[in-house]
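Chain naming here is simple, since letters A, B, ... match the order of the sequence lines and numbering starts at 1 in each.
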Amino acid sequence: MLIHNADIAEIFNEIADLLEIQGENPFRVRAYRNAARSVSESSKNVRTMIAEGADLKTIPAIGDDLALKIREIVATGSCPLLASLRAQLPSAVVALLRVPGLGPKRVRQLYEQLHVQSLEQLEQAAAEGRIHTLRGFGPLTEAHILANLRGRLDKSHRYQFAQASQRAEALLVWLAALPDVERVEAAGSLRRLRDTVGDIDILVTSREPAAVTQRFVAYDDVSAVLARGPTRASVALRGGLQVDLRVVEPECYGAALTYFTGSKAHNVALRRLGQELGLKVNEYGVFRGKTCIAGETEESVYASVGLPWIAPELREDRGEIEAARVAALPTLVTRSDLRGDLHTHTLASDGRASLCEMALAARERGLSYLAVTDHSKRLAMTHGLDATRLAAQIGEIDQLNAQLTGITLLKGIEVDILEDGRLDLPNAVLARLDLVIGAIHSHFDLPRERQTERILRALDHPSMTMLAHPSGRLIGSREPSDIDMLRVIRKARERGCFLELNAQPERLDLTDTVCRMAKDHGVLVSINSDAHSVAQLDNLRYGVNQARRGWLEKADVLNARSLAQLRPLLARTMRSRVREASESP
DNA sequence: GCCGTTTTCGGCCCGACTGTTTTCAGTCG
């Protein structure tokens, strides 16, 4: 079995869960969790590192012991520590940790005293009234457990950013209408613009916190009040989405916003930095002894630990603090940097607007070029184009370009990458286009090696310009395909191809960490709406969010180039195509 | 178990709320 970083992370996380349930030293537990996160976010594949003789301890949070364990796992496919932990405690119990209200201590009690080791057994025990007999549990806790199980609530469930964002907006308006509210803002992963959010965090400044929490729990969409104190409250909205509210005095705004924006790992790093300077950082401010020295603005909080303000999108403890320290933070790309959109559909396949309507809508949105990239024939259900219809569309676009001002249509195709890596249309017609986007729409579950080879072969096609939504994931409904993205990125670099960051809110594919990997390898990313209608051109903003999380700057983004700058980049790949086409007929 | 411009040992971020307790452990963010 070939071990990848994700496998290592999974093993370390399970070890952490099992150690925690066993009541192990919490710092040891955290060491495993930190290591899991670090390995899964690392752009370096541990198997490759070992093969190349690189030092695993260069990965943050990996020391002598864990480096050894990683080597062992890669060599043998298994981890003796995990095996021995599983022998003491069935690994199924870790599922109990996902139930709201259950942590390691209670899970251990449930297992040891009631022999509960699955969600089904937990529900049965709760229904039979056996849980409230345990010390530390009571009838309320038992009732909550049962309600959470029956409501299928799960601490780890995450929602698409766009959906959570819309619900947050409405709630912010509701809160802002209260006169006692001074400022109200979404924080947490929403403010960090993560592609998925687990819950909504809202920060309010007010002199009357009780009035704020009262209005909060009275919101029409609230289905349950989970907790409610004087400055903090949590509710579940209909459908299960949790919202946490925190109310602070205006003087604490910056400190509270920093704290509530997170991420947790970023906060921990920030507080540690404060500690080294003899400061205490919390949600009320930055303190030297009992004296508050900062906290009204985020800038003041960062300045107190010697840093410039860091954009929320970067706050993941992925090197942003080190970069801030040496004034090397990226200047992140913005929506207004985008000059065009390189992936859109029209009525010719499964789009809902005509060529002309799409062109005018793009112009209205400040874009100066738009690539028309309908599907190819293999996607029959989308009425994909064959060579003849594509040739006809090329003619239409030429005609339209002659009439339009302020916007230029580029001729393209979203061509299917077949199971064996060939493309769905002959090169004769592909070579006439301005760009060719290759995409996978079938066989998402090939083994990693075959899936990767399939993509590498497609990238080797003489007409290939760009790889669309590489992982194929649909947030909440389809898992990403198993692909060695490092090899894909290296091939793209070698071929002069580009990677798409698909901006549809359910795709957001590339992920943030892969964006950063592309940047590190000098592969330009194109932020594409994949619009199937005029309105979906606005998806670009979600793509920009994701790009910012991936540290992308204007220079890293293909479609932040003007048309004049873009054409030679596309033509450069074109020249190599022509040369190769003549070499190999 | 990691880590080090004080440290190779002794630290490891900080606080709110709940439910179950008679003063606080557990969970969560």
Side-chain angles (χ1 to χ4, degrees), chain A residues 12 15-16 19-21 23-39 56-70 81 96-110 131-145 148 155-156 187-189 192 197-203 209 213 225-235 242-248 252 255-256 258-287 305-306 317 325:
Chain A
F12 284 176
I15 289 174
L19 286 175
E20 200 172 23
I21 294 169
E24 251 286 357
N25 173 3
F27 300 110
R28 186 178 176 215
V29 173
R30 196 161 75 192
Y32 278 97
R33 292 205 200 287
N34 287 341
R37 198 177 73 96
S38 186
V39 167
L56 292 172
K57 288 195 289 177
T58 57
I59 302 173
I62 301 299
D64 287 321
D65 183 86
L66 293 185
L68 200 66
K69 286 199 170 67
I70 292 175
L81 172 62
L96 303 181
L97 291 170
R98 295 207 308 268
V99 178
L102 291 190
K105 300 280 167 41
R106 286 177 170 165
V107 167
R108 182 182 185 184
Q109 260 186 297
L110 289 164
I131 288 179
H132 76 266
T133 61
L134 298 180
R135 181 172 179 79
F137 290 78
L140 279 172
T141 305
E142 185 174 69
H144 284 153
I145 289 171
N148 287 338
K155 280 186 276 196
S156 57
S189 48
R192 300 201 311 280
V197 304
D199 59 16
I200 295 173
D201 299 302
I202 295 178
L203 177 68
T213 50
V225 178
L226 305 173
R228 183 182 173 187
T231 67
R232 169 170 211 163
S234 293
V235 300
Q242 186 175 327
V243 188
D244 299 323
L245 173 80
R246 189 68 190 267
V247 190
V248 298
C252 307
T258 306
Y259 155 77
F260 222 28
T261 297
S263 66
K264 197 177 200 171
H266 178 85
N267 285 351
V268 168
L270 213 56
R271 285 167 171 169
R272 184 172 297 154
L273 212 55
Q275 229 180 11
E276 288 169 13
L277 299 168
L279 302 172
K280 187 170 72 171
V281 181
N282 61 27
E283 58 262 56
Y284 302 109
V286 181
F287 298 86
V305 293
D317 193 26
R325 200 181 269 160

Peer 1: If you measure from the Lys or Arg side-chain nitrogens to the Asp or Glu carboxylate oxygens, is any gap between A:Glu283 and A:Arg232 under 4.0 Å?
Peer 2: no
Peer 1: Heavy-atom distance under 4.5 Å between the side chains of A:Val268 and A:Asp317, does that happen here?
Peer 2: no
Peer 1: So, is A:Gln275 close to the B:dG11 phosphate, meaning a side-chain N or O under 4.0 Å from OP1 or OP2?
Peer 2: no
Peer 1: Please examine the side chains of A:Leu110 and A:Leu102, heavy atoms only from C-beta on, and report whether any two atoms are closer than 4.5 Å.
Peer 2: yes
Peer 1: Which of the following nucleotides, B:dT18, B:dC12, B:dA16, is nearest to the side chain of A:Phe27?
Peer 2: B:dC12
Peer 1: In whole Å, what is the span from the CZ atom of A:Arg272 to the P atom of B:dC3?
Peer 2: 10 Å
Peer 1: Write down the distance between CD1 (A:Ile59) and P (B:dC3), rounded to a whole number of angstrom.
Peer 2: 11 Å
Peer 1: Salt bridge between A:Arg246 and A:Asp201, side-chain N to carboxylate O under 4.0 Å?
Peer 2: no
Peer 1: More 5' along DNA chain B: A:Gly229 or A:Val281, using each one's nearest nucleotide?
Peer 2: A:Val281
Peer 1: Starting at atom CD1 of A:Ile15, determine the distance to atom P of B:dG1, rounded to an integer number of angstrom.
Peer 2: 9 Å
Peer 1: Under 4.0 Å between a side-chain N or O of A:Lys280 and OP1 or OP2 of B:dG15?
Peer 2: yes
Peer 1: Could I get the full list of ring-ring contact (aromatic ring centres under 6.0 Å, His included) partners for A:Tyr32, not counting sequence neighbours?
Peer 2: A:Phe12
Peer 1: What does nucleotides 19-29 of chain B look like as a protein-contact string, B for base, S for sugar-phosphate only, - for none, at under 4.0 angstrom between heavy atoms?
Peer 2: SSS----SSSB
Peer 1: What nucleotide, of B:dA16, B:dC17, B:dG1, holds the atom closest to the side chain of A:Tyr32?
Peer 2: B:dG1
Peer 1: So, does the side chain of A:Asn34 form a donor-acceptor pair with the base of B:dG1 at under 3.5 Å?
Peer 2: no
Peer 1: In this structure, how many angstroms lie between the P atom of B:dC3 and the CG atom of A:Asp64, rounded?
Peer 2: 9 Å
Peer 1: When you compare the protein's N or O atoms with those of nucleotides 4-7 of chain B, which come within less than 3.5 Å of each other, and at what distance?
Peer 2:
none

Peer 1: Need the pair for B:dC24. Rule: Watson-Crick or G-U wobble, both distances under 3.5 Å, any strand; none if unpaired.
Peer 2: B:dG19
